[in-house]
Colleague: 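My questions will all concern the structure given below.
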Amino acid sequence: MAPPVAGGLAERAGRRVVVPVGLVLTAAGLALTLAAPLALFVAGLAVLTVGFFAAHGVASGWVAARASLGERPVGQAASLYSFWYYVGSSVGGTVAGRAWAAAGWPGAVAVAGTGVGGALVLALLLGRGNGLGRG
């Protein structure tokens, strides 16, 4: 449900707004999973999931739009996005597993939060980009 809703919001407000908001929701959801009551943990998972899929869905479309507007190969740009998405998932999963072994759930959340923070910085930097449309 999150990607189509986020896509509609991106059409109205722009990708430069929706992707960072999705990432902030992801981070907020991660933080909620650190709460002791099970209900807050479950709510955190829900918020994290909505934020992640909103950001990812819009970001993957943003890659194609930027490539097209910049007169770059769209298929290559989309492929590179997918490649690095899966590399990040593989490396992140491995590192999060080690963090889990060393520090439990808070360690895994710290690793995930670092990845979300990096994605937020990248989205904000790309949002300041070279004027390839409203974004």
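Numbering of residues begins at 1 and proceeds along the displayed sequence.
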Colleague: Quick check: does any side chain N or O of S60 sit under 3.5 Å from a backbone N or O of G57, one acting as donor and the other as acceptor?
Modeller: yes
Colleague: Indicate, with yes or no, if F52 and V24 share a hydrophobic cluster defined by side-chain heavy-atom contacts under 4.5 Å among Ile, Leu, Val, Met, Phe, Trp and Tyr.
Modeller: no
Colleague: Test V19 against every option in L23, V17, V21 by the side-chain contact (heavy atoms from CB on, under 4.5 Å) rule and name the one that passes.
Modeller: L23
Colleague: Give the minimum heavy-atom separation between V111 and A99, together with the two atoms involved.
Modeller: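 Shortest heavy-atom separation between V111 and A99 comes out as CG2-CB, 3.6 Å.
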Colleague: Quick one: which of L40, V109, V42, V47 gives a side-chain contact (heavy atoms from CB on, under 4.5 Å) with T33?
Modeller: V109
Colleague: Specify the closest pair of heavy atoms between G7 and V58, including all atoms of both residues, with the distance to one decimal.
Modeller: N-CG2, 4.0 Å
Colleague: If I take atom CG from residue L126 and atom CZ from residue R16, how far apart are they, to the nearest 0.5 angstrom?
Modeller: 9.0 Å
Colleague: Of the non-hydrogen atoms in P106 and L34, which two are nearest, and what is the gap between them?
Modeller: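 It is CA-CD2, 3.9 Å.
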Colleague: Do you reckon V116 sits in the same ILVMFWY cluster as V95, going by side-chain contacts under 4.5 Å, direct or chained?
Modeller: no
Colleague: So which heavy atom on A54 is nearest to which on A6, and how close?
Modeller: CB-CB, 3.6 Å
Colleague: When clusters are formed from ILVMFWY side-chain contacts under 4.5 Å, directly or step by step, what else is grouped with V74?
Modeller: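 Traced through the cluster, V74 reaches no other member.
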Colleague: How many angstroms lie between atom CH2 of W105 and atom CG of L30, to the nearest 0.5 angstrom?
Modeller: 7.5 Å
Colleague: If every non-hydrogen atom of P3 is compared with every non-hydrogen atom of F53, which pair is closest and at what distance?
Modeller: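 Here P3 and F53 meet closest at CG-O, 3.6 Å.
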Colleague: Tell me which pairs pass ring pair (Phe, Tyr, Trp, His ring centres under 6.0 Å) where either residue lies in residues 6-36, with sequence neighbours left out.
Modeller: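 Found none.
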Colleague: Which pair of non-hydrogen atoms, one from P20 and one from L124, has the smallest distance, and what is that distance?
Modeller: CG-CD2, 3.9 Å
Colleague: Which pairs of donor and acceptor atoms, one on a side chain in residues 79-89, lie under 3.5 Å apart (sequence neighbours left out)?
Modeller:
{"residue": "S79", "atom": "OG", "partner": "G75", "partner atom": "O", "Å": "2.9"}
{"residue": "Y81", "atom": "OH", "partner": "H56", "partner atom": "ND1", "Å": "2.8"}
{"residue": "S82", "atom": "OG", "partner": "A78", "partner atom": "O", "Å": "3.3"}
{"residue": "S89", "atom": "OG", "partner": "Y85", "partner atom": "O", "Å": "2.9"}

Colleague: Mind checking the CG-CZ spacing from L48 to F41? Nearest 0.5 Å is all I need.
Modeller: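 These two atoms lie 9.5 Å from each other.
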